[in-house]
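Reading through the structure tokens given below for one structure.
Numbering starts at 1 and runs along the sequence shown. In this text, all values refer to a predicted model and were calculated from it rather than measured experimentally.
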Amino acid sequence: MNKNRIKILSISGSLRKNSSNTNVLYAISNLRPENIDFQFYEGLGLLPHFNPEIDTDSPPDPVKDLRNQLKLADGVIIWTPEYARGVPGSLKNALDWIVSSGEFVNKPVAVISASSRSSGGDKAHESILLTLEMIEAKIPKESTLRIGAVGTKINNKIEILDSTTSEQLKSVLNSLINKQVPVSSRARLLKGTIFHGEKLLNTYTYILSNQGFYFHESSS
């Protein structure tokens with residue numbers, strides 16, 4: 001794989017097809033620059049219940065797969081719904097399997113919760129942050145977001161209906177990229193061939209500044 005490409009692993013905490021959180025997951029992937037590769041983790045429902053007695057040097061295959069995907073990722077985005085004012089058991093179970101193996105240590109992570117309630121799943125959001133901090137994930141404040149009344153902001157066609165939400169999702173992705181990409185590898189072009197010499201070719205660009213990447217709109 002091209003060393004300048006960035007691999008983001010996306011994990012939805014919902015097992016339900018067409019859930020709001022999974023829709024958000026796909027919505028942010030549609031906002032990515034072209035040098036970002038999104039991989040969607042699909043093994044949440046295959047993980048066995050966490051049991052220290054089988055957390056050995058040869059754990060169950062679904063656990064190996066999760067750990068390997070995390071190891072290969074440059075950054076992770078976790079999407080959590082709120083269930084009974086907390087994190088869904090299936091998502092917490094996945095995190096429990098990573099406590100001893102350490103794939104989250106210093107791994108840049110973004111956390112997004114989405115809910116039909118105006119609170120945006122604040123209880124689940126707070127809870128998962130505590131767990132991730134305990135296993136030493138790197139979570140910039142700018143890489144966290146709660147989306148309330150999510151059904152009015154993203155539809156089942158994965159279309160973002162709210163401009164503020166769109167900008168917030170871009171900001172989360174922006175922050176995650178900045179935290180995990182070494183300055184030496186930050187490319188000046190992230191959406192097709194933006195620059196030819198110093199000529200701007202694209203209207204919407206993702207440009208390197210001294211502070212990091214940012215979205216810029218140009219009329220040229």
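Each salt bridge (charged side-chain N to carboxylate O under 4.0 Å, His left out) pair with one or both residues in residues 77-101, not counting sequence neighbours, appears once here: Lys92-Asp96. For residues 12-47, the pairs satisfying ring pair (Phe, Tyr, Trp, His ring centres under 6.0 Å) are Tyr26-Phe40, with sequence neighbours left out. Listed by first and then second residue, the salt bridge (charged side-chain N to carboxylate O under 4.0 Å, His left out) pairs that reach into residues 126-137 come to none, sequence neighbours excluded.
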Compile the donor-acceptor pairs under 3.5 Å between side chains in residues 147-156 and protein atoms, sequence neighbours left out, one pair per line.
from, atom 1, to, atom 2, distance (Å)
Thr152, OG1, Ala149, O, 2.7
Lys153, NZ, Gly148, O, 2.9
Asn155, OD1, Lys157, N, 2.9
Asn155, OD1, Ile158, N, 3.2
Asn155, OD1, Glu159, N, 3.0
Asn155, ND2, Glu159, OE1, 2.8
Asn156, OD1, Asn23, ND2, 3.3

Donor-acceptor contacts, no H, no angles, side chain residues 110-117, under 3.5 Å, sequence neighbours left out:
from, atom 1, to, atom 2, distance (Å)
Ser113, OG, Gly120, O, 2.6
Ser113, OG, His125, ND1, 3.1
Ser115, OG, Arg117, N, 3.0

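Rounded to the nearest 0.5 angstrom, Asp37 CG and Leu72 CG are separated by 12.5 Å. Going from atom CG of Leu169 over to atom CG of Asn174 covers 12.0 Å, rounded to the nearest 0.5 Å. Taken from CG in Leu31 to CG in Leu173, the straight-line distance is 7.5 Å, to the nearest 0.5 Å. For the atom pair CD1 (Ile36) and OG (Ser29), the distance works out to 12.0 Å, reported to the nearest 0.5 Å. Atom CD1 in Ile128 sits 5.0 Å away from atom CD1 in Ile78 (nearest 0.5 Å). Atom CG in Asp61 sits 11.5 Å away from atom CG in Leu47 (nearest 0.5 Å).
Counting heavy atoms of neighbouring residues, nucleotides and ligands inside a 6.0 Å radius, atom NZ of Lys71 does not exceed 12 of them.
Considering only residues two or more places apart in sequence or on other chains, Asp162 meets the side chain to side chain donor-acceptor pair (under 3.5 Å) condition with Thr165. Applying the ring pair (Phe, Tyr, Trp, His ring centres under 6.0 Å) criterion to Phe50, with sequence neighbours excluded, gives Trp97. The side chain to side chain donor-acceptor pair (under 3.5 Å) check on Ser12 picks up Thr22, with sequence neighbours excluded. Taking the side-chain contact (heavy atoms from CB on, under 4.5 Å) definition, one finds that Ala137 meets it with Phe104, Val109, Leu132, Ile139, sequence neighbours left out. By the side chain to side chain donor-acceptor pair (under 3.5 Å) test, Ser100 is found to be paired with Asp55, residues two or more places apart in sequence or in another chain being considered. For Glu103, the side chain to side chain donor-acceptor pair (under 3.5 Å) partners at least two apart in sequence or on another chain are Ser101. Residues meeting the side-chain contact (heavy atoms from CB on, under 4.5 Å) test with Asn51, sequence neighbours left out: Glu53, Ile54.
Ile8 and Val105 fall into different hydrophobic clusters, where Ile, Leu, Val, Met, Phe, Trp and Tyr side chains are chained together by heavy-atom contacts under 4.5 Å. Transitive grouping of hydrophobic side chains (ILVMFWY, heavy atoms separated by less than 4.5 Å) brings Leu25 and Ile177 into a common cluster. When hydrophobic clusters are built by joining Ile, Leu, Val, Met, Phe, Trp and Tyr residues whose side-chain heavy atoms come closer than 4.5 Å, directly or via intermediates, Leu9 is not grouped with Ile28. Linking Ile, Leu, Val, Met, Phe, Trp and Tyr residues whenever their side-chain heavy atoms come within less than 4.5 Å places Leu66 and Ile135 in a single cluster. In the hydrophobic cluster analysis, where Ile, Leu, Val, Met, Phe, Trp and Tyr join through side-chain heavy atoms closer than 4.5 angstrom, Leu15 is grouped together with Leu95.
Looking at Lys107, its side chain never comes within 3.5 Å of a backbone N or O of Val76 through a donor-acceptor pair. A donor-acceptor pair under 3.5 Å is absent between the side-chain atoms of Ser175 and the main chain of Val172, judged by distance alone.
Residues Leu44 and Ala94 come closest through the heavy atom pair CD1-CB, 3.7 Å. Taking every heavy atom of both residues into account, Ile160 and Ala27 meet most closely at CG1-CB, 4.0 Å.
You'll find the side chain of Lys170 reaches within 4.5 Å of the side chain of Ser166, heavy atoms only. Within the 4.5 Å cutoff, the side chain of Val63 has heavy atoms near those of the Pro48 side chain.
Under a 4.0 Å N-O distance rule, the pair Asp122/Arg146 does not qualify as a salt bridge.
Put simply, the residue from Gln39, Lys7, Lys64 that forms a side chain to side chain donor-acceptor pair (under 3.5 Å) with Gln69 is Gln39.
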